[in-house]
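First comes the structure, then the notes that go with it.
Counting starts at 1 for both ligands and their atoms, in listed order.
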Amino acid sequence: MSLAPLPLATKVTVLRGLGPARAAALQEAGLDTLRDLLWSLPYRYVDRGSLRSLGSLELRGFEGPEGGVVTVLGTLQDLRQSTTRVQHMALTEALLTDGTGTLRLLWFNQPYLGRTLKVGERLLAFGSLAMGRHGLEMRGPQFEVMGRGEETPWVRRFLPLYRKLGPLPGRVRQRLVAEALGRAHPPDEWLPLELSRDLPDTLTALRLLHDPPDESEGRALDLGTTPAHQRLAAEELFAFALGVALRRAGRLKRRGLVVPTSPDLRERLKAYLPFKLTGAQRRAFKEIVADLTSGRVMNRLLQGDVGSGKTLVAFLSMAMVAETGGQGALLVPTEVLARQHAASFQRLLGSEAGAMQLLLGGMKAAEKRAALARIASGEARYVVGTHALFQESVAFHQLQLIVVDEQHRFGVKQREALKEKGGDPHWLVMSATPIPRSLALAIFGDLDQSVLDELPPGRQPITTKLHRPEAAERAWEQMRRELAEGRQAFVVSPSIDPSDGGSISGSQGRPGDARSAAFDGGKVQLRDIQAMEALLRGIFPDEGIEVVHGRLKADEMAVRMGRFVAGKAKILLATTVIEVGVDVPNATVMVVDHAERFGLSQLHQLRGRVGRGAHRSHFHMISGSETERLQILVETQDGFRIAQKDLELRGPGEFFGVRQAGLPQFQVADLVRDRALLLRCREAADRALAVGLSETQTEWLRREQVRLRLAEIS
Ligand code: ADP
Ligand code: MG
């Protein structure tokens, strides 16, 4: 039967053997067209040469999560379910055999495996080996069910494996993909030559990845770095970059509010400054002034390492607007931070402090009504607040500038909501953690950037040490010395309840990383914040200790923080609620317990809570594992370097801590791996727009924009 070739935009439902249930599973996964199906690549390629016979297995070289992952193929002989005695976890045990030997497989907390696995079925299993009570075993392996047939699943050297989608097994997907590849019509080239040169065409790339020839490079296939991967990634990233460039072009056409400057205004702003600006602060502010006076809408990202003085730049920008009849709003992620910013704004404003208004969700009704009235009348020219600023009841008199502190904690939708409060206000976004350029582009779209690459003078480097739990006494000793000198101390405990907002997934591997599936039944017991409090009260019986965490009511939190800020309590024990912003110059030592539970950037951010005054400061991490990863904090205080490393280790989603951050969802492109390509695509997009898009490009872009939900990125 010969069939007419199908454009990639054809719905997957044309494929044979796709009943309603399976079609629905594809749809649910967002695989609507042949293009979607084909861009959804195998999650793993198994090299026939890497297969080990069960009789040949030995522990050496394959032990522990750092060891190599072994691939085995065998038949399930025995299957049983039980519960572990100590931790009461569901335990699924299976015996795999291949004629040369047997291997025990164990899974924890996956009781459904007892129903889905069947004795007599063949299983391809990947995992690292460990020595168990009954000999070699594989704990928590990833696996693929190969059915009951005798025939080998290998047609060629590489066997591509697809994730199961609902009722659609990987093997069926393999068949659908093969049919789609056979029937797809080669699409018109839409990438500019500067990107497509040296890369295979689209259909060839797809064939190379779904049915890799024997001479393919196994490692490059797994890492996603073959020219074929580059081809598909370039298509996604180019579409993305075009979308961003188009929005930018649209923004530059919008008329922005012109904030007038004058020598007189400059003098008035200067009068507010408690210190001389650093060169970097002066540069950044100049760039902001240029935006505010340009007649176009400002959309700028202010980046800087912890302690580089972003707040002062934000204040100056808001003062510029406030002094010329407008209102500026500073949006921050937590009430603690909002109060703190409000206090420092009041200090800076001096006799003008009455122009500042705080707005918090937790305010009492009367207090809130008064605040809203002052905001609506324009009496409040500086507004500092949390998410409460998004509420419909908030109306501004003349909102001209929105400054967002620690932007990545806010969702794109919330940003949009705030935008609707004023005509078309200027935006200044400040990021707490330095963000590599490619990622900034991906998450913030077309923002212009200012970078504070200089710390205020007089800062002393922070001594950083890493201790194993049994040597923690060294950290406490240091703390004792600092307290005796009249200084204050932070102690940070990881939050163990995922619902209280302290996301602490620093110790996990990247998604798809075989290591993340590794056995973790032997997890170290976590010392929680209560246990830490008891410990601290034992070590420092005479000191005032305040404890804060995400589950406290806002006013209780403010009271406790207040006692620490005022110096009435010398020790603040906290979860990561103090990660951002908290500014207590007299605090000179921080001890982080279970440092392995934190991301590198998060630790760097925490470290930034000390070293803010004239005294030398100390940062101690206590950790019994992952000492290699944590070492970079000992080595450097360059937040940009730490951020890059963190990003490489954890990927963009974890790096930002929240998925709602509005990262584009690519199928093939990887924002970390393909960052150089993204920057090239951005340049190519500018050039393509300058000469005008071809019809093919316009058509592609339209479809890709829907798929990548590009409209949500501003
Ligand atoms: P971050 O960039 O981390 O938000 P902050 O704005 O909190 O940093 O500033 C860190 C500290 O540096 C604050 O205590 C602030 O008062 C101080 N600071 C800011 N700018 C200067 C400056 N130009 N000279 C001296 N100290 C400064
Ligand atoms: Mg800050």
Side-chain angles (χ1 to χ4, degrees), residues 269-286 288 300-319 328 330-350 382 384-386 403-410 428-435 449-462 487-488 490 561 564-565 567 576-588 590 601-617 619 637-640 642-643:
L269 293 186
K270 230 191 224 157
Y272 286 130
L273 290 179
F275 4 69
K276 203 165 156 290
L277 292 181
T278 64
Q281 282 172 322
R282 201 168 322 119
R283 235 175 1 256
F285 184 55
K286 230 186 190 157
I288 292 167
R300 183 168 288 278
L301 174 65
L302 177 61
Q303 290 222 57
D305 210 336
V306 192
S308 57
K310 293 182 288 281
T311 315
L312 198 57
V313 176
F315 170 78
L316 279 177
S317 315
M318 284 172 73
L330 173 64
L331 180 59
V332 297
T334 65
E335 301 213 344
V336 172
L337 199 50
R339 283 178 204 279
Q340 174 132 359
H341 277 308
S344 53
F345 272 36
Q346 270 170 332
R347 267 197 307 277
L348 288 163
L349 285 166
Y382 301 79
V384 177
T386 55
V403 182
V404 189
D405 199 7
E406 333 290 1
Q407 159 70 23
H408 62 258
R409 288 166 177 256
F410 292 101
L428 180 65
V429 165
M430 303 195 285
S431 97
T433 319
I435 304 170
Q449 285 199 51
S450 297
V451 180
L452 298 184
D453 50 6
E454 183 185 347
L455 294 181
R459 288 283 163 76
Q460 301 201 38
I462 301 164
R487 306 282 91 79
Q488 290 166 275
F490 294 105
M561 288 293 296
F564 181 70
V565 172
T576 51
V577 290
I578 57 146
E579 180 185 340
V580 284
V582 175
D583 192 15
V584 182
N586 189 46
T588 54
M590 175 180 282
S601 292
Q602 206 176 9
L603 287 165
H604 180 63
Q605 190 67 29
L606 283 167
R607 176 165 63 181
R609 300 308 107 214
V610 294
R612 302 191 145 236
H615 303 284
R616 188 172 191 91
S617 291
F619 182 68
Q637 278 177 47
D638 177 345
F640 284 90
I642 293 169

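Not counting sequence neighbours, the partners of Ser617 by the side-chain contact (heavy atoms from CB on, under 4.5 Å) test are Ile462, Thr588, Val610. Legend: residues meeting side-chain contact (heavy atoms from CB on, under 4.5 Å) with Ser317, ordered by chain and number and at least two apart, are Phe285, Ile288, Val313, Leu401, Leu428.
Listed by number with element, the atoms of ligand 1 under 4.0 Å from a non-hydrogen atom of Leu312 are 20 (N). Atoms of ligand 1 found under 4.0 Å from any heavy atom of Val306 (numbered from 1 in listed order, with element): 3 (O). Close approach of ligand 1 to Thr278 (heavy-atom distance below 4.0 Å) involves ligand atoms 23 (N). Below 4.0 Å from some heavy atom of Lys276 lie the following atoms of ligand 1, by number and element: 22 (C), 23 (N), 24 (N). In summary, the atoms of ligand 1 found under 4.0 Å from a heavy atom of Leu277, numbered by their order in the structure, are 23 (N). Near Thr311, meaning under 4.0 Å from any of its heavy atoms, are these atoms of ligand 1: 4 (O), 5 (P), 6 (O), 7 (O).
A donor-acceptor pair shorter than 3.5 Å can be found between the side chains of His604 and Asp305. Residues Ser450 and Arg283 bring no donor and acceptor atom of their side chains to less than 3.5 Å of each other.
The aromatic rings of Phe315 and Tyr272 sit perpendicular to each other, their planes meeting at more than 60°, with 30° as the lower class boundary.
Any N or O atom pair closer than 3.5 Å counts here, and Gly307 shares at least one such pair with ligand 1.
A cation-pi contact links Arg607 to Phe619, judged by a cut-off of 6.0 Å to the six-membered ring centre and 45° from its axis.
At least one heavy atom of Ser308 sits under 4.0 Å from some atom of ligand 1.
When heavy-atom distances to ligand 1 are checked against a 4.0 Å cut-off, Arg459 comes that close only through its side chain, counted from C-beta outward.
Counting heavy atoms from C-beta on, the side chains of Thr311 and Phe345 come closer than 4.5 Å.
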